[in-house]
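Reminder, nothing fancy here: chain letters follow the sequence lines and each chain counts from 1.
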There are 2 protein chains.
Amino acid sequence: MLYGNVGMNLYSRSRQGWPQRVVIFDHSEIGGLNLMENYAVRLTAKIESLTAQAREALAKVTIVRHFERGEHMLSPGEVCRGSYWIQRGIARKYYVNDDREVTTEFFFDDDLAISLQSYALQTAGTEYIQALTPLVVQFTPYPAFQELKIRHPELLELDLMMTEYYAMWLEERLFQFHTMDATERYAWLLNREPHVVQQIALTHIASYLGVSLETLSRIRARR
Amino acid sequence: MLYGNVGMNLYSRSRQGWPQRVVIFDHSEIGGLNLMENYAVRLTAKIESLTAQAREALAKVTIVRHFERGEHMLSPGEVCRGSYWIQRGIARKYYVNDDREVTTEFFFDDDLAISLQSYALQTAGTEYIQALTPLVVQFTPYPAFQELKIRHPELLELDLMMTEYYAMWLEERLFQFHTMDATERYAWLLNREPHVVQQIALTHIASYLGVSLETLSRIRARR
DNA sequence: CACATCATTTGACATAAGTCAAATTCGGTC
DNA sequence: GACCGAATTTGACTTATGTCAAATGATGTG
């Protein structure tokens, strides 16, 4: 993880290298970091600035849970009843469309896993969250967190920042689909998040990139 | 707009018809509304439940501004210094990638226009927001709104809900790019937001759908 | 170490979409 | 109503990607 241990962190996506060409989201650099990294720094700073009371209160309602490789933390028809902070391991979020799995997100150490619509609305969702390795997560129940947000407005601010961060991450993903072909999206992933390619099965990566397994193989063969 | 005049509303995207096939995001219906509409209802209820003090305070810092057709409310290199609630007219958000305009969002009455990264970080951004018709907007400066969020926590809650709504909308857009071909994305737009196709130039629609103008023409010819 | 199963790659062919150029249509102005 | 410029459509050709099937490589188990 990029910013060291700070307890609860979110989307610690680091920059490992440059894509083939300069892209939109790297235009405004501040202190050598792109916007996502810049925001992650702010997020980390926000977490570090939480009062001891807020930290304690949060720790009190958070429980450690374990999941086996292949196990689902969430399945369609279920309500996402809390947030899963990945203490150790790898997970992915996906849904099934036309009998096909569509992987939407990978989670590594210090990432926060939720299914947004189910979580925010507390209604049955349509997504899976699955452990790709044995997992240790810190689970914070939604009702308890809502309570804490009332008593500690700094947690409401943190929640807003995390949601903003997720929205920016979605904008970046949308940018990839909107402007890049399959080869470019793979190059972006390889440069920006090589750990994904190193640790995740190609089946899931192809699904995440929106290409068939065969096409991904051909792209990889051309490098 | 779908839910009538409630002052500040956000992303009043209504369901006008069904796409060719049932899609992921319509699975969990509540009271006949899909999730986006469900959330819009909650958002509207939240706005309506604002105290008179919060409303007044918000109105006091909000100013009406006019823009001409073609005029830019925001350009790359500028900071998005506040939010623009569209009182009347149409606008679009876009950026330029490889000498090409990529339209990312259309705004109609009661939509709230911001460039998220520039707005949230108050740093120079990379996006344009342009009036497609003569516009009347209610502009709320960022610093003033931050102040109000401190004095009125209900506005911080509202801000979180709006950001969640935007993230869900991004998830739905991502779903379109991730799982549909060009024809399906056009069909989705035609069914779900026919007003877009009725009132916006095909150049912008093609850009928004991630297809060339020629391809959009061919798709339209096949219907 | 052998074997079976799963993951990945490769071959062949079809379709979707992009690009470039030209033609047609539409809208605004005089 | 004519004219001009912009918007849109159409034709021809190229490239990217998907699909189906078969082959190869990797991993796990006995």
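A donor-acceptor pair under 3.5 Å links the side-chain atoms of A/Thr62 to the main chain of A/Leu58, judged by distance alone. In this structure a side-chain-to-backbone donor-acceptor pair under 3.5 Å is missing from A/His178 to B/Leu209. At least one donor-acceptor pair closer than 3.5 Å links the side chain of B/Glu71 to the backbone N or O of B/Glu68.
For the pair A/Glu127 and A/Arg92, the salt-bridge criterion is not met [side-chain N within less than 4.0 Å of a carboxylate O].
Side chains of A/Arg220 and A/Tyr186: a donor-acceptor N/O pair is present below 3.5 angstrom, by distance only. Side-chain contact annotation: B/Thr183 with B/Arg222, donor-acceptor N/O pair under 3.5 Å present.
Nucleotides of DNA chain C that come within less than 4.0 Å of any heavy atom of chain B span, from the 5' end to the 3' end, C/dA17 to C/dA21.
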Quick one: do A/Phe106 and A/Tyr208 satisfy ring-ring contact (aromatic ring centres under 6.0 Å, His included)? Show the steps, please. CA-CA 9 Å; A/Phe106 296 113; A/Tyr208 177 75; 4.8 Å; yes
Protein-proximity profile, nucleotides 14-20 of chain D, B/S/- by nucleotide at the 4.0 Å heavy-atom cutoff, equals ---SBBB
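The aromatic rings of B/Phe67 and B/Tyr84 sit perpendicular, their planes meeting at an angle over 60°, well past the 30° parallel limit. A/His72 and A/Tyr128 have tilted rings, their planes meeting at an angle from 30° to 60° on a 0 to 90° scale.
Rounded to 10°, the angle separating the first-five-pair axis and the last-five-pair axis of the helix from C/dC1-D/dG30 to C/dC30-D/dG1 equals 40°.
Judged by the 6.0 Å and 45° rule, B/Arg185 forms no cation-pi pair with B/Trp188.
Atom CZ in A/Arg69 sits roughly 12 Å away from atom P in D/dT27 (whole-Å rounding).
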